[in-house]
Structures are given as C-alpha cells and as structure tokens.
Amino acid sequence: MAAADHLRPRRLRHTALRLGAAGFLLKDTAPRDLITAIRTVAEGNAMLAPTVTRRLIDAFADRRSPDTHAARERLAVLTGKERQVAGAVARGLANNEIARELGMSETTVKAHVSRSLAKLGLTNRVQIALLIRDSGSR
C-alpha cells in the first residue's frame with residue numbers, strides 16, 4: 001500500500017503500482033477508510049483512492065502509442081488547410097462536401113488532397129484516412 005500527501009507526483013503513483021503496490025491512498029484518508037483499505041488489500045484485492053482511480057483512468061485513456069506518435073510526426077509536414085482537408089477525407093467526405101464545409105472551391109480541395117498525398121508519400125485517400133486514424137486525430 002502506498003500513500004501520498006497530494007496527487008501531483010504522478011511518477012510516484014505509477015512507480016508504486018508498477019513495483020507491485022496493491023493500493024494507493026492519500027494521506028488525508030480517514031482512519032476508518034484506511035482500515036478498510038488495509039483489509040481489502042490483505043484479502044488480495046486492490047484499493048485506490050477514488051481521485052487516484054479517476055486520474056489513472058484518464059492517464060491510461062490518454063496514453064499515446066508509438067504508432068500514434070509516428071503518425072503525428074508524418075502529418076506535421078502538412079499545412080493547416082491540408083490537415084483540415086485530410087481530416088475531412090478521413091471522415092469520408094467527397095471533394096464537393098469538403099469544399100462546402102471548408103468554404104473553398106472543389107479544385108482547391110483536389111489540390112490540397114494531391115499535395116497531401118505527395119508530401120506523405122501516399123497513393124490514395126484511404127491511406128490518408130488510415131494515417132489520420134492512427135494519429136488519433138479526427
């Protein structure tokens with residue numbers, strides 16, 4: 001069981017849990033709750049302070065995979081407009097729909113798609129959609 005006086009030291013929580021701590025409470029945990037937590041851990045279960053649980057869930061949900069990082073790096077070569085068009089392509093919009101949504105001509109949309117494909121070394125719109133998906137963008 002690990003305890004901390006506040007929630008800031010994320011590394012402490014993660015290290016304690018990675019090293020096998022079966023619980024993590026804050027130092028201001030009420031004595032009655034501390035006793036319950038010790039019994040819970042002694043029975044072989046885990047015990048986390050509710051605020052710690054929420055932060056761990058948030059941290060896990062936000063974790064980026066190496067593939068996500070690589071996809072974001074690849075997309076970094078695109079201009080803002082090219083990224084907007086790529087995002088619309090990834091949502092399955094046709095050129096005329098993208099033009100309407102972004103307030104540009106269909107010819108401009110086609111130019112952005114073509115430049116994006118060239119910059120990214122891709123050959124089709126599906127590949128753009130997959131790269132956008134891998135980046136975690138929408």
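Here the structure is a predicted model, which is why all the values come from computation and not from measurement.
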Nearest 0.5 Å, please: how far is CZ in Arg39 from CG in Leu34?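 The CZ atom of Arg39 is 10.5 Å from CG of Leu34, to the nearest 0.5 Å.
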Can you name the side chain to side chain donor-acceptor pair (under 3.5 Å) partners of Arg125, sequence neighbours left out?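 Listed in chain order: Asn95.
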Are Val77 and Val113 in one and the same hydrophobic cluster, where Ile, Leu, Val, Met, Phe, Trp and Tyr link if side-chain heavy atoms are under 4.5 Å apart?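 Yes; tracing contacts between hydrophobic side chains, which count when under 4.5 Å, links both residues.
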Is there a continuous path of hydrophobic side-chain contacts, each under 4.5 Å between heavy atoms, that joins Ile38 to Ile35?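 Looking at the clustering, Ile35 is in a separate group from Ile38.
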When you measure from the side chain of [X] to the backbone N and O of [Y], does any donor-acceptor pair fall under 3.5 Å?
X	Y	value
Thr108	Met104	no
Ser135	Ile132	yes
Ser114	Lys110	yes

Write down the atom of Ala88, the atom of Ile98, and the distance for their closest heavy-atom approach.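 That closest heavy-atom pairing would be CB-CG1, 3.5 Å.
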Do you know the tightest heavy-atom contact between Ala99 and Glu106?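 What the structure gives for the nearest pair is CB-N, 3.7 Å.
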Quick one, Leu117 with Ile128, criterion side chain to side chain contact (heavy atoms under 4.5 Å, CB included). Give me CA distance, side-chain angles, the key distance, then yes/no. CA-CA 7 Å; Leu117 289 169; Ile128 289 176; 3.6 Å; yes
Heavy-atom distance under 4.5 Å between the side chains of Leu75 and Arg72, does that happen here?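 Not touching, per the 4.5 Å side-chain cut-off.
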Go through Thr68 and Asp134 one step at a time and tell me if the side chain to side chain contact (heavy atoms under 4.5 Å, CB included) criterion holds. CA-CA 5 Å; Thr68 300; Asp134 290 348; over 6 Å; no
For Arg74, what residues pass the side chain to side chain contact (heavy atoms under 4.5 Å, CB included) criterion, not counting sequence neighbours?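 So Arg74 forms a side chain to side chain contact (heavy atoms under 4.5 Å, CB included) with Leu120, Leu122, Leu131.
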Please enumerate all residues that pass side chain to side chain contact (heavy atoms under 4.5 Å, CB included) together with Glu82, with sequence neighbours excluded.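 Side chain to side chain contact (heavy atoms under 4.5 Å, CB included) list for Glu82, sorted by chain: Leu78, Thr79, His112, Arg115, Ser116, Lys119.
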Please lay out, stage by stage, how Arg91 and Glu101 fare under the test salt bridge (charged side-chain N to carboxylate O under 4.0 Å, His left out). CA-CA 12 Å; Arg91 291 192 338 260; Glu101 182 176 294; 2.6 Å; yes
